[in-house]
Structure formats: C-alpha cells, structure tokens
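The structure appears right after this line, and notes come after that.
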Amino acid sequence: GGNKADGPQLEKVLLMTDWYPQPEHGGFYQALAKGYYEQEGLEVEIRSGANMRDIRSPVALGQVDFAIGTSDTTLIGIGRGLPLVGLFPYFQHDPQCVMFHPENNVETLNDLDGRTVMLQSSLSYTEYMTKTLGIKMNLIPLDFSLARFATDKDFIQQCFVTSEPIHLANQGVEAQVILLSESGFDPYRHIFTSQQTLQQRPEVAAAFKRASIKGWQEFVEGDPAPALTLINQLNPQQTPELMAKTLRAIKQYRLVKGNDAQGDQLGQYQATRLQAQYEQLNKLGLLDLPVSWDSSFQY
Amino acid sequence: MNATVSRIFPPAIVGVSLIAIWYLVIYLFDIPIFQLPAPHDIIEAGSQEQSTLISGALQTTLACLIGFFTSLLGGVLISVLLAYSSWAYKGFYPYILLLKMMPVIVLAPIIILWFGQGLASITVITFLICFFPIVANTTMGLCSTDKNLVDVFRVYNSSARDEMLKLRIPYAMPYFLTGLKVAAALTPIGALYGDTVAGMGSGSDAGLGFVVVVFSSQLKIPALYAAAFTACFIGFLFVSLVNILHWRLLHKWHDSYAQSN
Amino acid sequence: MNATVSRIFPPAIVGVSLIAIWYLVIYLFDIPIFQLPAPHDIIEAGSQEQSTLISGALQTTLACLIGFFTSLLGGVLISVLLAYSSWAYKGFYPYILLLKMMPVIVLAPIIILWFGQGLASITVITFLICFFPIVANTTMGLCSTDKNLVDVFRVYNSSARDEMLKLRIPYAMPYFLTGLKVAAALTPIGALYGDTVAGMGSGSDAGLGFVVVVFSSQLKIPALYAAAFTACFIGFLFVSLVNILHWRLLHKWHDSYAQSN
Amino acid sequence: MPNLTAATALSDSEEIRTADPAVSIQGLYKQYGNGPTVLNNINLEIAEDDFIGLIGPSGCGKSTLLKLLGGLESKTKGDIQFLTQQTSPRPKMGFVFQDANLMPWLTVIANVMLPLELNGASKQEAERKAIQLIEMVGLGHVKNHYPRQLSGGMRMRASIARALTIEPQLLLLDEPFGALDEMTRDDLNEELLKLKQLQAWVGVFVTHSVTEAVFLSSRVLVMSANPGEIYREIPIDLPFPRTSETRNLPEFQQKVVEVSQTLHELRNLA
Amino acid sequence: MPNLTAATALSDSEEIRTADPAVSIQGLYKQYGNGPTVLNNINLEIAEDDFIGLIGPSGCGKSTLLKLLGGLESKTKGDIQFLTQQTSPRPKMGFVFQDANLMPWLTVIANVMLPLELNGASKQEAERKAIQLIEMVGLGHVKNHYPRQLSGGMRMRASIARALTIEPQLLLLDEPFGALDEMTRDDLNEELLKLKQLQAWVGVFVTHSVTEAVFLSSRVLVMSANPGEIYREIPIDLPFPRTSETRNLPEFQQKVVEVSQTLHELRNLA
Ligand SMILES: Nc1ncnc2c1ncn2[C@@H]1O[C@H](COP(=O)(O)OP(=O)(O)OP(=O)(O)O)[C@@H](O)[C@H]1O
Ligand SMILES: Nc1ncnc2c1ncn2[C@@H]1O[C@H](COP(=O)(O)OP(=O)(O)OP(=O)(O)O)[C@@H](O)[C@H]1O
Ligand SMILES: [Mg+2]
Ligand SMILES: [Mg+2]
C-alpha cells in the first residue's frame with residue numbers, strides 16, 4: 001500500500017468500541033489525538049458501543065467499519081454466518097478476569113466449583129470452564145454494577161483487570177483477581193471488520209491498522225497524554241488519577257505487547273493460538289457452520 | 001359460530017398481512033437473518049431450542065404469576081388506602097411515583113439484598129413494574145364515583161368500609177380492569193427484566209430473560225425471536241385472563257358492553 | 001394559603017419520616033454506603049457531580065419530551081382509530097399488545113437499524129414504553145361512553161367525526177388522563193433505558209442512563225443515587241404537567257373534583 | 001265503548017284524518033334480547049300536522065316506541081316509514097329524553113347549541129337560536145352553568161331547549177314536563193304549541209298528565225301494558241290555536257274525562 | 001290572606017301543632033360556593049306525625065332543602081336539629097332522590113336490599129323485606145333485572161322501594177311519583193299512607209302535583225323562588241286514614257283549590 005493522502009479528501013471511518021471512552025481504548029484515541037489517522041487519509045469517528053447488545057451485526061451489515069471484539073466471538077459470529085474477519089489484535093491477552101474478596105479462599109479457577117458467579121453469559125470462558133474443565137458454577141447475569149460485590153463478601157464476579165479492581169480500591173474495597181485466560185482458553189482482544197470492507201477497501205483497512213498500532217505503541221511506550229486528555233474530555237468520569245492507574249495495570253499485565261518469549265507481538269496474531277482457539281470452540285459446539293480459522297483472520 | 005368468525009377473522013387478516021410485509025421487507029431490502037430472521041427461521045429455531053424455551057417459559061410463568069397477583073393485590077390495597085384518606089393520598093402518592101420512576105439498576109441491589117438472588121427478587125421487580133398502572137387506574141376509579149351514588153350511601157349511614165366495598169370498588173371496576181390490562185401486558189417484560197437483573201443463569205432456574213440474553217449474546221437471532229415470542233405468549237395468557245374477568249364483571253351493566261346488546 | 005399548607009404538609013411529614021427510617025435502617029443494620037448511601041451522602045455526591053448530572057438531565061429531558069409527546073399523540077390517534085372501527089380494534093389490538101410485550105432487547109437492534117444510534121432511537125424506545133398505557137386507557141374510555149349520551153348524538157344525526165370529537169373524547173378524558181399519568185411516570189424509565197440500549201455514550205450527548213451505568217460500574221453509589229433522583233425529578237415534572245392538565249380539564253364537571261366543591 | 005284492538009282503532013280513526021301521513025308505522029314489534037314482547041303489533045299513521053299524545057301505565061313501552069321512531073333501538077319486526085318530501089331517509093329530529101341526558105362537560109348554552117353545531121350551523125347562528133330557546137324555558141340566568149349546578153327541573157328544561165333549537169321536522173318528547181311545577185308546565189305547554197305553529201313539526205309526546213295530553217294533542221293514544229299495545233285512540237278536535245282559555249272550555253273538560261275514564265277502564269281490565 | 005313571611009307563618013301554624021317536634025330547622029341559609037342565596041332563612045318545626053309536602057316552582061330550592069335535611073349538603077348558616085329519642089345524632093333515614101340513583105351493577109332486588117345490608121341486617125331478612133316492597137311498587141316480575149333494563153318509572157319505583165325497606169324514622173322524598181302514570185301514582189300514594197301508619201316515620205316530600213300534596217300531607221309548604229323561602233304554610237286537616245274516597249270529599253277539593261290559588265298568587269307576585 002502507499003501513503004497517498006488524496007488531497008484534503010479524507011475517508012470516513014467508524015470505529016465502534018465495547019464501552020465508554022476509557023484508557024483501555026487508549027491507542028485508538030492516541031492515534032486520533034495525534035492525527036495518525038488523518039495522516040493515513042482517514043477521518044475516524046470513535047463511537048461508544050457500551051449499549052450495543054451485539055456489535056457484530058452492525059459490522060456485518062456495514063453500518064460500522066471496524067469494531068472491538070474478541071477473537072472467539074468473531075469466530076462464533078462467522079460460525080453463525082456473519083461475514084466477519086479479524087484484522088489485528090490490540091491486546092494480546094484478554095483482560096477479563098474473575099474477582100473475589102481475599103477472605104473468599106479462591107486460589108485457582110477450579111475453586112469456583114459450586115460457587116455462584118456473576119458472569120457475562122456470552123463468554124466462551126463460561127462454556128469452556130463448565131464443559132471442558134468440568135467446573136460447575138451457578139451463573140447469574142452480569143449487570144456491570146459493583147454494588148453487590150462491595151457489600152457481599154461471598155460475591156464473585158467477572159471484571160476487567162484494568163478497571164473494576166481500581167474502582168473498588170478507590171472506595172476502600174480490596175479485590176483479588178484471576179485472569180480467565182489462565183483457564184487455558186486464551187483469545188485475543190482485537191479489531192474486526194467485515195469481509196466486504198476488507199475486500200472493497202483493503203487500503204483503508206491497512207491504513208487503519210497501521211495508524212492504530214502506531215497509536216498503541218506510543219500509548220504504552222511514549223507519552224499517553226494526548227489520548228488521556230481526549231478521553232477525559234469525552235468522558236469526564238475518567239479522571240487523570242483513575243486513568244493513570246488503569247494505564248499502570250495495562251502495562252503491568254503486558255496486555256498490549258504480550259509476552260515476547262511466547263512469540264507475542266503488538267498487532268500480530270499467532271497462527272498456533274488461533275488454531276487452538278478454533279479447536280476449543282469447535283469441541284464446545286459453539287461453531288454452527290463450518291469455519292476456516294485460517295481465512296478468518298488477517299495475519 | 002358467526003361471532004367466533006368475526007372475532008378471529010380481523011386479527012387473522014392483519015396477522016397474515018404483517019407476515020407478508022415481514023417477508024417482503026426481508027427480500028426487498030435483503031435483510032440478513034441475524035438482523036431480522038424470517039418467520040420460518042424463527043419457528044425452526046424455536047423447535048430446535050424447544051426444551052430450553054419450555055423450561056425457561058415455565059420459570060418465567062411462575063415469576064409472572066406471583067408478580068402479577070401480588071401486584072394485583074398490593075395495587076388494590078394501596079389504591080383503597082389512598083382513596084380512603086386524602087391525607088394518605090397526598091402523603092404517599094408522590095413516593096409511590098418516586099418508586100415507580102426509580103431505575104431498576106438502582107433498586108436491584110437493595111431488592112437483592114433483601115430478597116436474595118432468584119425468584120423472590122424477580123417477582124419483586126415484576127411487582128414494581130406492574131403495580132403502578134393498577135394503582136393509578138384504581139385510585140382514579142375510586143375517586144371518580146358518581147356523587148349521586150355516594151349520596152345514597154351517605155344517607156343510609158354506610159360505614160366507610162361498606163362505601164368502599166359496595167360502592168367505590170364496583171364503580172371503579174372499569175378503571176381497575178384497564179389498569180390490570182396494562183399490568184398484564186407489562187408482566188412478561190417485568191419478569192424478563194427481573195431475570196436479567198436478579199435471575200439465576202443456569203439449569204432449570206433460568207427464566208426466559210436469561211435465555212434471551214444468552215441467545216442474543218451468542219447471536220442465535222432466530223432463537224432469540226422464538227424466546228421473545230414465547231414471552232409474548234405468556235403475556236397473552238395474562239391479558240386473556242383479564243379480558244375474561246372484564247367480560248364477566250362488566251357485561252351485565254357497563255356501557256362498554258351496552259352496544260353488543 | 002391553608003389549601004397550600006394541606007397540600008404540602010402530608011407529603012412533607014411522610015418524606016421526613018421516610019428519611020428518618022432510612023437513616024435508622026442504615027445505622028441499625030449497619031448498611032454500607034455501597035448498598036444504601038445516606039441522604040446526605042447522596043446530596044454531597046450530587047453536588048460534586050453537578051455538571052455531569054445537569055448535562056445528562058438536559059439530554060434525558062429532551063428524549064423524555066419528544067418521547068412523551070409523540071406517545072401522547074400516537075397513543076391518542078391509535079385509540080381513536082381502534083374506537084372508530086371494531087374491525088380495527090379486533091385486527092390490531094393483539095399486535096399492539098405484542099409490540100408492548102416484546103422485550104426491548106429484541107426490538108433494539110431493529111430500532112437502531114431504522115433510526116440509528118442516538119436520540120431518535122432513544123425517543124422511539126421511550127415512545128414504545130409510554131404509549132401502551134395511553135392506548136389501553138383511552139380506548140377503554142372511548143368505548144365506555146354513556147349509551148344515553150350516544151343516543152343524543154345519534155338522534156341529531158351526528159357525523160362519526162363529531163361523535164368522536166364532541167362526545168367520546170370528552171367522555172374519555174378521565175381515562176385518558178389516567179393513562180397519561182402512568183405514561184408520564186414511565187417516561188424517565190423509558191429514556192434511561194433507551195440511553196443504555198441505543199444511546200451515545202460520550203460527551204454532551206450522554207443522557208442520564210449513561211451516567212447511571214457509569215456510576216454504577218465505578219461503584220460511585222451515592223452519585224448513582226443522585227443520578228436516579230435526578231431522573232425522578234424529570235418524571236415529576238411530567239406528572240405535574242399531567243396533573244395540571246387534569247385539573248384544568250376536569251375540575252368544572254367531573255366527579256373526581258365534585259367533593260372539593 | 002267496545003274494546004277495540006289496535007288495528008280496528010286505527011281504521012276507526014282513519015276517517016277523521018285530513019292531512020297526508022308523515023310517518024307510517026306498520027305491524028311494529030319490539031322485544032329486548034329474548035325478553036318478553038314489549039311492543040305488540042303497533043300500527044299508526046301520523047299526519048303532517050299531528051301532535052300525538054301517548055299515555056299509559058309505567059313500563060308499557062312508551063319510551064320504547066319513541067326510541068324506535070328516533071332510530072335508537074332496532075325493531076324486532078314491522079316497518080316504520082317517513083313520508084316526508086325530504087330526500088334524506090330520516091327527517092330532522094328533536095328528542096327530549098326521559099332523563100335530561102345533558103353533556104356534563106358542557107354549559108347549558110353549549111348543550112343547547114350542540115344539535116345545531118352537529119348539523120353544521122355556524123357558531124353565531126347556533127348561539128342566537130340557543131339563547132332564544134334558553135330564555136323561553138326560563139334558564140337565561142344560568143346559561144353558563146354546568147348541568148350538575150342545575151336543579152332537576154332546570155336540567156329538563158335545558159334538554160327541551162336543546163331539542164327545539166334545530167327546528168325539527170319530527171319532535172319526540174318523553175315526559176318533557178314531568179319534573180316541572182304546574183305553572184311552568186302550563187306556560188311551556190302554550191309556548192310549545194306556539195312553536196309548533198311556527199316550526200311546523202310533526203310531534204309525538206309521552207305524558208302522564210291527562211290534562212296536558214288533551215291540551216297539546218291532536219290525538220291521544222292510550223296504551224295498555226304487557227305487551228304494549230295501542231288500546232284506544234281518542235281524537236282531540238279542539239280548535240287550534242289553544243291558549244290558557246282552552247282549559248276552561250267544557251269540551252276540554254269533557255275530553256279530559258274521556259281520557260281519564262279510558263285509563264280507568266283499562267286498569268279495571270288488568 | 002296576608003302575605004306571611006316564613007317566620008310569622010311558622011308562629012301562625014304553631015297553634016295547630018299537636019305532637020312534639022321531631023325536627024327543628026332554624027334560620028337556615030344555603031348558598032352553593034359563592035353563587036346566589038338558594039335558601040333564605042328557612043324556619044320549620046316538624047312534628048312526630050307530620051308528613052310535609054313541599055311545592056314550588058322549579059329551581060326554588062326544594063331538593064336543596066331535602067339534601068340539607070339528609071345531611072348531604074353543608075348548610076351555609078343556621079341550624080337543623082333532630083329531636084328524636086334516639087341516641088345517634090341522626091335519625092334513620094330513607095331518601096328518594098329526584099333521579100333514581102340505582103347502582104347500575106346491582107339488580108333491582110339487590111338495590112332494594114342495599115340500605116338494610118348497610119345497616120347490618122341479615123341477607124334473609126333484607127331479602128324478605130325487599131321482596132315485600134318490590135311487590136308493593138309492582139316490580140315483582142323484574143326483580144332480577146338490572147337498572148338499564150327498566151323503564152324510567154320502574155327505576156323510580158325501585159328507588160321508592162329502596163327508601164322504604166329500612167323502615168326509616170325520617171323519610172325524604174324528592175318528586176317520587178313524578179315519572180308515574182296517575183293510576184299507579186294514586187295507588188302508591190295510598191300504599192304510602194298505609195305504610196306511614198305502620199312504620200310511623202316523619203316525612204317530607206316534594207311534589208309538583210297539588211292533589212298529591214293535599215292527599216298526602218299534614219301540611220303543605222308553598223315555596224317561593226330566588227331566594228327560596230317558605231311563602232306560606234297550608235295545614236291540611238283532613239282526617240287520617242285517607243283513602244281513595246278522600247279525593248272525592250269537598251274539603252279535599254277545597255284544599256286543592258287553596259293550594260292552587262296560593263301558587264297562582266305567588267306567580268303573579270313574581
Ligand atoms: N351543586 C350545585 N351547585 C350550584 N348550584 C346548585 C347546585 N345544586 C343546585 N343549585 C342551584 O340551586 C337552586 C335550587 O336547586 P334545587 O335543586 O334545590 O331546586 P328544586 O327546587 O329542587 O328544583 P326542581 O323542582 O327543578 O327540582 C337552583 O338555582 C340551582 O341552580
Ligand atoms: N334496554 C332494555 N333492556 C331490556 N328491557 C328493557 C330495556 N328498556 C326497556 N325495557 C323493558 O321494556 C318495557 C317498556 O319500557 P319503556 O321504557 O318503553 O316503558 P315506558 O312506557 O316508557 O315506561 P315509563 O312510563 O315508566 O317510562 C319495560 O318492561 C322495561 O323493563
Ligand atoms: Mg319511559
Ligand atoms: Mg329538585
């Protein structure tokens with residue numbers, strides 16, 4: 001591809017996130033704030049998708065160009081006939097985890113056996129843990145509220161390692177976490193798009209990927225201030241102190257760059273991991289139609 | 001026979017037209033199945049997920065039943081109290097309104113704190129959603145009593161209790177039944193919403209609300225619609241119940257049936 | 001003066017008692033702030049988050065206004081249609097019920113498909129939540145017209161239009177206004193729910209629904225309550241509007257005001 | 001006098017008829033639901049200048065007959081024909097119901113204006129005519145009151161004014177003056193006859209007052225009950241215009257006695 | 001006869017009074033809201049065996065006076081005292097309203113039983129008494145009908161039966177027989193007097209029929225309008241029991257003429 005900026009005429013692009021503006025989307029805001037998208041000839045709008053019940057459909061319909069998701073849900077969507085394709089991962093590992101109170105005696109995910117756990121029902125982890133690992137839990141649907149966790153010492157709920165424990169700590173509640181990816185099911189958090197977008201506008205997809213990765217690189221290793229300022233403008237609830245803590249967690253868990261020793265690399269999928277995920281999902285019966293994992297991702 | 005035909009015919013015609021439009025929209029705008037599945041997709045998915053739907057429906061029906069009848073009872077009791085005393089009315093009505101307007105996301109933690117996760121909390125949420133239409137309508141009905149008829153009771157030295165039981169309540173019936181109809185239509189929504197906020201998510205305890213969320217998040221869209229229609233079916237049962245009650249209580253004397261005489 | 005006192009006094013007494021109970025419960029059962037914050041915590045949090053709350057409230061008020069007035073208009077139009085023709089009633093009422101009973105989770109994707117994410121979809125959801133009480137009540141009112149008064153219109157060769165405008169609609173007013181009151185109380189719930197299903201989540205476009213979710217997910221519980229009360233305040237505005245309308249339209253002739261004469 | 005059946009009573013009176021019939025009722029039956037027969041084979045021709053008084057025991061079907069004439073109830077059998085020159089199938093009608101049936105949300109004047117407005121009259125014209133009739137029935141001072149602020153008799157008078165504003169071709173009155181004191185009643189009786197001259201309607205009215213029946217009617221129909229039938233027709237051949245002096249005429253008293261006697265006779269039969 | 005004010009009329013009639021007063025009305029005024037004065041300085045003593053007929057033009061305040069007696073409207077000024085031996089502040093009352101005011105959701109018999117049930121009678125007893133009175137007013141054949149299935153006169157009769165079931169101490173009747181034919185009316189007049197003997201209530205009734213007023217009353221009060229005042233009291237000293245023969249007595253006719261003349265006199269004043 002080329003860096004041909006077609007004059008002042010910018011290509012409009014819509015990115016839909018999975019929540020309200022927050023540092024977990026920092027790389028995209030960094031790219032936006034620093035003009036990396038513009039340099040690639042793109043005019044990017046970042047829209048909060050917190051309330052979209054499912055972001056896959058609008059992407060498949062072409063209403064949204066790019067969206068945030070996980071590699072497993074994209075595969076499942078493809079299995080349901082949605083013409084999706086994974087573009088690039090921005091978190092090498094999913095920050096989803098379960099959190100619990102220290103006095104709750106949970107050491108490993110196996111200790112969840114027989115417990116009541118508040119989990120998002122869409123999580124493939126849930127299926128994996130119950131069906132593959134044989135951990136029996138009483139599920140209750142996630143409502144994204146922390147009120148019950150804060151008051152009930154026995155309560156166990158799903159969270160983002162970068163978010164809820166920090167909010168809780170701010171209010172003086174201590175929470176311990178176990179990453180769900182420790183279960184052995186380890187999807188990427190990535191950007192996906194539709195087959196159509198990829199085929200008809202491959203250079204836009206490539207440009208978006210380049211600019212975004214540049215943004216992420218800078219967000220975790222350079223000066224994240226432009227992104228954080230923009231996020232704070234859009235969502236004043238994200239105060240500088242809060243965002244600093246989130247950013248620290250992102251770095252601490254090496255979410256963006258992953259573990260070099262295992263071959264992780266910013267913005268790159270690994271074929272072996274994708275294939276493993278495919279096989280795990282297939283075994284769980286979550287893929288309706290035949291899916292080729294190979295052609296489902298740009299790697 | 002003829003009466004039955006005239007009851008069945010119009011909704012059937014409209015139903016068939018709606019389904020035709022549905023297909024037309026799908027084919028004309030080329031709407032993919034995950035956006036709006038066609039009726040036959042929904043039926044197919046429904047029969048595939050039959051067992052999940054049935055166990056969910058049973059659980060939800062239970063919540064609906066308890067929620068509906070407690071809101072009926074509670075709504076009527078509160079209305080009677082409000083109509084008894086204008087002091088109670090002025091004092092409590094604003095707070096009942098407040099309760100009605102409180103987002104469930106705020107109330108849910110308190111409800112669960114008191115009633116625990118599960119059926120009890122779901123029925124409380126169903127109750128909260130259903131009872132206000134009953135209260136508003138019944139209160140209005142109880143306060144609208146024909147003054148001339150009140151005079152009759154006053155003259156005969158009626159106790160406040162008799163005035164309520166034998167005058168105001170029968171007079172308020174048409175209002176009450178209208179409120180009940182609104183509540184009946186809200187019942188499945190209440191139970192489904194309760195499911196997602198306070199329900200159990202696994203096994204035979206999972207209500208339709210949970211099923212809906214799961215189908216939706218797993219992108220099983222035709223099955224999602226099947227679940228939604230199952231919920232509607234439960235709602236129809238309740239509305240029909242109210243309609244039967246309506247007919248039984250009013251057809252002999254009320255003008256809403258006078259035309260059919 | 002005295003009338004004002006008797007209007008203010010009872011709710012004030014009840015309010016003060018409720019707040020007292022509130023504090024009592026908190027201190028007696030040692031309820032943590034996350035479960036149920038004390039009133040002063042809520043006020044404090046409210047004043048801290050003032051700007052977020054105000055901008056959210058403005059956005060939500062806008063959605064409420066549009067949703068409420070369209071549901072008023074739409075509800076009345078549909079009711080009139082249903083009352084005009086028993087064919088329309090039989091044909092369409094079941095499907096209106098169906099629409100009412102459809103979980104929003106199912107409808108939301110379709111609504112967003114047609115109206116896009118944002119204000120339009122939020123008002124459509126508010127509309128869907130508010131319009132059924134209006135339709136049910138108004139239809140019942142329009143069908144309850146005193147047969148003797150209908151006879152008067154028939155004798156004078158009234159057109160169907162005049163019968164509707166000059167007889168059935170005025171007669172149905174008490175019913176209609178009751179439905180409107182229920183709808184008004186549902187308005188903020190509708191808008192908040194719409195926010196979380198179809199709203200924009202950032203900047204000045206964010207309604208109170210967004211604020212509620214964010215506060216809840218950040219464990220800012222007192223602020224969450226402040227947001228909820230702000231939503232209730234909007235609801236009270238609408239209910240007051242309806243109450244004023246109620247008084248203006250009915251106090252001269254309807255028995256619900258006869259007592260005060 | 002022989003006990004005439006409705007049919008022979010009709011043919012009997014046929015000879016006295018002068019004007020053309022305006023309404024013709026043939027073999028009319030009425031039953032509510034599957035209850036007993038309320039009206040049994042009613043045959044009646046009403047002429048252009050007729051003002052017919054219906055009198056009979058409570059529950060014999062007088063109101064039902066009026067409602068059938070007004071098209072407010074469906075007949076079980078038989079035929080009602082309006083033979084006016086008008087093209088419309090139904091003549092312009094005024095109806096005073098047994099109860100006042102005022103719209104509670106309208107003031108007296110708005111209630112009286114209603115029929116005119118329903119028939120497309122302009123607001124000014126409706127108001128002018130309404131005020132005239134409201135004055136006639138003596139409600140000028142309460143014309144802006146709501147029905148619930150009126151006494152029973154005042155409500156009935158408002159209802160009478162309402163029926164007369166549209167200058168009907170057929171006027172049906174169901175005990176219009178029953179709730180009024182004798183003075184007011186006599187006054188309105190006379191006013192009504194003056195209006196009949198002016199507006200030239202065909203009228204049918206129900207009354208329980210024999211003197212009123214005789215004073216107003218061109219013919220008095222005595223009805224018997226269970227089932228409702230026309231027991232006898234008594235033509236009142238007192239000259240028009242009738243005024244308060246008419247009441248003092250011996251012929252008037254004679255007719256009053258005749259109607260009263262018929263009612264007694266009817267009662268003794270039962 | 002001199003034009004007596006209410007007060008002198010009262011002192012005038014005092015001499016005729018025999019029994020103890022059961023009700024005493026002193027200086028009674030009534031105004032609805034801030035409308036005109038409807039009742040103006042009403043003074044009246046009602047004795048244990050009185051049956052008082054109120055007669056006067058439409059809108060003069062007769063119903064209002066009855067409602068005040070029944071405790072259904074608040075008085076603006078003045079005093080109403082019940083001097084019965086009963087401990088309860090109000091005597092047991094029966095009230096026939098100007099409109100029938102039946103409960104539309106109750107059958108005739110249930111409507112008639114209502115006052116008894118409200119006063120704690122057993123269902124059987126209520127039913128027994130109700131049927132008796134329903135038969136008396138001639139509604140036996142429709143006792144299970146709903147009000148909307150009745151004729152106007154039938155509804156009023158049901159309402160009369162309802163007022164009588166509880167064997168009241170004070171009976172208030174507002175044009176009870178206005179919607180009835182003369183035969184039924186006369187019959188019921190006589191039945192009512194028989195019942196008065198039996199049940200021994202104090203009664204006040206409103207009527208527009210002079211003969212009815214004279215036949216039923218121990219005293220006739222002629223009211224004048226704007227504001228409502230007692231224009232004259234006419235004692236009817238015809239002996240009880242009165243029967244259909246009473247109507248043929250010359251004294252009866254004489255009283256009828258006296259009342260009529262008073263009404264005419266009143267009218268000419270206005
Ligand atoms: N609720 C009310 N509000 C205002 N004014 C009223 C009310 N009820 C009655 N009035 C007025 O009081 C006056 C007397 O009314 P009332 O009903 O006592 O008359 P009445 O003598 O019974 O007449 P009628 O013979 O027509 O029944 C009338 O002028 C009437 O307009
Ligand atoms: N809607 C109805 N349904 C059933 N029966 C009815 C209905 N209306 C009237 N009837 C019956 O029809 C008969 C005649 O009623 P109608 O009202 O015509 O009598 P009427 O002659 O006007 O009596 P009144 O002088 O008492 O007004 C009565 O026996 C009554 O019970
Ligand atoms: Mg009648
Ligand atoms: Mg009166």
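Just so it is clear: chains get the letters A, B, ... in the order the sequence lines come, proteins before strands, and each one is counted from 1.
Only the side chain of B/L36 comes within contact range of chain C, with at least one heavy atom under 4.5 Å from a heavy atom of that chain. For a residue to count as touching a neighbouring chain, one of its non-hydrogen atoms must lie under 4.5 Å from one of that chain's; by this rule B/Y193 touches chain C with the side chain only. Residue contact with chain B, scored on non-hydrogen atoms closer than 4.5 Å, involves the side chain of C/Y93 exclusively. Using a 4.5 Å cut-off between heavy atoms, C/P188 touches chain B through its side chain atoms alone. C/L192 touches chain B through its side chain: at least one heavy atom from C-beta onward sits under 4.5 Å away, while N, CA, C and O do not. With a threshold of 4.5 angstrom between heavy atoms, B/I110 approaches chain C through its backbone and through its side chain. Neither the backbone nor the side chain of C/I129 comes within contact range of chain B; no heavy atoms are under 4.5 Å apart.
Applying the salt bridge (Lys or Arg N to Asp or Glu O under 4.0 Å) definition to pairs two or more places apart or across chains, those involving residues 213-241 of chain C are C/E49-C/K220.
Atom CG in C/L250 sits 5.5 Å away from atom CE in B/M140 (nearest 0.5 Å).
Note: C/F229 leads C/F229, C/F9, C/F233, C/Y89 in heavy-atom pairs under 4.5 Å with chain B.
By the side-chain hydrogen bond (donor to acceptor under 3.5 Å, both in side chains) test, C/S216 pairs with A/S145, sequence neighbours left out. Take C/E163 and apply the side-chain hydrogen bond (donor to acceptor under 3.5 Å, both in side chains) test, not counting sequence neighbours, and it matches C/R154, C/R168.
At least one side-chain heavy atom of C/W87 sits under 4.5 Å from a side-chain heavy atom of B/V14. Side chains of B/K90 and C/I8 form no contact here, defined as non-hydrogen atoms less than 4.5 Å apart.
Side chain of C/Y95 to backbone of B/P11: a donor-acceptor contact under 3.5 angstrom is found.
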- Should B/M101 and C/T187 be marked as a side-chain contact (heavy atoms from CB on, under 4.5 Å) after you check the CA-CA gap, both sets of side-chain angles, and the distance that decides it? CA-CA 8 Å; B/M101 294 188 289; C/T187 307; over 6 Å; no
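Within residues 171-180 of chain C, the residues having any heavy atom under 4.5 Å from a heavy atom of chain B are, by residue number, C/P174, C/Y175, C/T178.
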